[in-house]
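Everything on this sheet refers to the single structure shown next.
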Amino acid sequence: VSSDNYLQKSIFGQLEYIIIKGGEAYDGINYPFMGRIYLDDHFGAPTVNHEIKHTKTDYLLRHNPEFKEKWMALGSDEHGESLYMGYGGLVLSRVRLIGDFINLDYPSLDEIKQLGFTSGYSMIHYYEDVAVLSEQAEKSYYIYDFIEYLYTKKNEIVIAKVNLLQEYSLIPKEFTEYIGIHYKLKEAHAHLDGFLEASNDFLSKHPNSIYEIILRKKRGDLLELDAGCDDAMVEYKQ
């Protein structure tokens, strides 16, 4: 973790403070294949999550180098040309004096989604695309975005990327099914039995799922409203 004291920073950190606007080029950075993450002095949990996804990608590429080729195919246009913009513009945009004249020309959010990306930052490099999407899969406030990508307004490229993340265990293999349960939950007040049945099937199929505790809580909350405390307590106790 970087110190906020200039003299206690590494030589690299001191140079960064001089060259980069605001003194920090990043909230966090993973140096590929070095097994080390550097964080600035005011880092947050999402930054740590993102950088850990990079280290997991490094490990994956050592053992499954074909993953990159498969992912890059999803980040290309109909002519096979890469849609990724590269790090150059991003780095220059943060340099003192020069940065004010650099314009990162991202497409609109709708265009970004049509191209199969979930944020402008995802378009910088495939390495960031992998980390951003797998990081978002672990944030509860992205659930409704994934309901859209996977179910209501199917985005075939995002679906294919999610399938790759599941196949190579960068996110839980049952993630798509879990989002499907939340899709049912959106209509739970009108179709409570449907949600209970679907979530019960999920829990039976995936008895050790990381998502069990979340689903038990939601089942309990809905049962408490609909059927009273006794049925809800059965779920809460589990």
Side-chain angles (χ1 to χ4, degrees), residues 27-28 37 43-57 59-60 64 67 109 113 116-119 121-122 129-238:
D27 294 326
I37 293 171
F43 70 89
T47 299
V48 180
N49 186 317
H50 182 92
E51 300 309 327
I52 287 173
K53 290 299 182 184
H54 281 320
T55 65
K56 289 185 174 182
T57 304
Y59 179 84
L60 173 62
N64 300 93
F67 173 81
L109 184 57
K113 289 183 178 180
F117 299 96
T118 57
S119 74
Y121 192 69
S122 299
D129 195 13
V130 172
V132 167
L133 190 58
S134 32
E135 173 198 354
Q136 288 173 342
E138 295 187 1
K139 292 180 176 177
S140 60
Y141 49 84
Y142 277 103
I143 283 174
Y144 293 106
D145 293 89
F146 280 105
I147 289 174
E148 179 181 302
Y149 299 140
L150 303 179
Y151 290 97
T152 59
K153 298 179 182 178
K154 290 188 176 182
N155 186 314
E156 297 300 335
I157 300 176
V158 174
I159 290 172
K161 288 178 178 179
V162 167
N163 287 341
L164 270 181
L165 294 177
Q166 292 177 145
E167 178 185 350
Y168 287 91
S169 300
L170 285 172
I171 62 176
K173 295 184 183 298
E174 66 272 24
F175 175 74
T176 296
E177 293 178 68
Y178 171 68
I179 295 299
I181 299 299
H182 280 277
Y183 178 38
K184 292 274 188 182
L185 182 60
K186 282 185 69 177
E187 303 174 346
H189 293 294
H191 305 286
L192 177 60
D193 290 341
F195 166 72
L196 292 175
E197 181 180 356
S199 57
N200 188 61
D201 289 345
F202 177 92
L203 292 168
S204 297
K205 185 178 179 181
H206 305 288
N208 299 313
S209 174
I210 194 171
Y211 301 123
E212 179 182 10
I213 191 169
I214 300 170
L215 290 176
R216 293 290 182 195
K217 173 67 165 57
K218 291 185 181 297
R219 285 167 62 88
D221 290 347
L222 290 168
L223 284 167
E224 187 172 350
L225 290 171
D226 186 75
C229 291
D230 290 344
D231 289 339
M233 285 300 290
V234 172
E235 297 295 330
Y236 293 147
K237 285 180 179 180
Q238 294 186 70

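The structure displayed is predicted, hence computed values, not measured ones. Below, each value reflects all heavy atoms present in this structure, side chains not excepted, and no hydrogens, waters or symmetry copies.
- Contact annotation: the side chain of D145 never approaches that of Q136 to less than 4.5 Å [non-hydrogen atoms, C-beta and beyond].
- Judged by a 6.0 Å distance limit and a 45° cone about the ring axis, K161 is positioned over the six-membered ring of F117.
- Side-chain contact between K56 and L60 is absent, with no heavy atoms from C-beta onward closer than 4.5 Å.
- Put simply, the residue from I171, V162, L164 that forms a side chain to side chain contact (heavy atoms under 4.5 Å, CB included) with L133 is V162.
- In this structure, I210 places its CD1 atom where only 12 or fewer heavy-atom neighbours from other residues, nucleotides or ligands lie under 6.0 Å away.
- The shortest distance between side-chain heavy atoms of I37 and H54 does not fall below 4.5 Å.
- Between the NZ atom in K173 and the CG atom in N163 there is a gap of 11.0 Å [rounded to 0.5 Å].
- Nearest heavy atom pair, residue G220 against residue A232, reads O-CB, 3.3 Å.
- Using the six-membered ring where Trp is involved, Y183 and Y151 have ring planes that are parallel, under 30° apart on the 30 and 60° scheme.
- Using a 4.5 Å heavy-atom cutoff, the side chains of K218 and I181 are not in contact.
- Note that the CG atom of N200 and the CZ atom of F195 stand 10.5 Å from one another [nearest 0.5 Å].
- Taken from OH in Y59 to CG in N64, the straight-line distance is 9.0 Å, to the nearest 0.5 Å.
- R216 contributes atom CZ, which lies 5.0 Å from atom CD of E235 (distance to the nearest 0.5 angstrom).
- Annotation: side chain to side chain donor-acceptor pair (under 3.5 Å) contacts of E224 (sequence neighbours excluded): Y236.
- Taking every heavy atom of both residues into account, S122 and V132 meet most closely at OG-CG1, 3.3 Å.
- Of all non-hydrogen atoms in Q238 and E212, the two that sit nearest each other are O-OE2, 4.3 Å.
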Quiz item: Are D201 and E197 close enough, and set up right, to give a side-chain contact (heavy atoms from CB on, under 4.5 Å), and what steps lead you there?
Solution: CA-CA 6 Å; D201 289 345; E197 181 180 356; 4.0 Å; yes
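- The side-chain heavy atoms of I159 and Y149, taken from C-beta on, include no pair separated by under 4.5 Å.
- The shortest side-chain heavy-atom distance between H182 and Y144 does not fall under the 4.5 Å cut-off.
- Ring-plane geometry between F175 and Y178 is classed as tilted, the angle between the planes lying from 30 to 60 degrees on a 0 to 90 degree scale.
- The nearest pair of heavy atoms linking P46 to E135 is O-OE2, 3.5 Å.
- Residues satisfying the salt bridge (charged side-chain N to carboxylate O under 4.0 Å, His left out) test with E138, not counting sequence neighbours, are K53.
- Distance check, rounded to the nearest 0.5 Å: OG of S119 to NZ of K113 gives 11.0 Å.
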Exercise. Show the numbers, then the answer: is there a side-chain contact (heavy atoms from CB on, under 4.5 Å) between T118 and Y142?
Key: CA-CA 10 Å; T118 57; Y142 277 103; over 6 Å; no
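- To the nearest 0.5 Å, atoms CZ (R219) and CG (L215) are separated by 8.0 Å.
- The aromatic rings of F202 and H206 are tilted relative to each other, their planes meeting at an angle between 30° and 60°.
- For E174, the side chain to side chain donor-acceptor pair (under 3.5 Å) partners are S209, not counting sequence neighbours.
- Proximity of a side-chain donor or acceptor of N155 to a complementary backbone N or O of V158 within less than 3.5 Å is detected.
- Of all heavy-atom pairs between L223 and D231, the closest is CD1-O, 3.9 Å.
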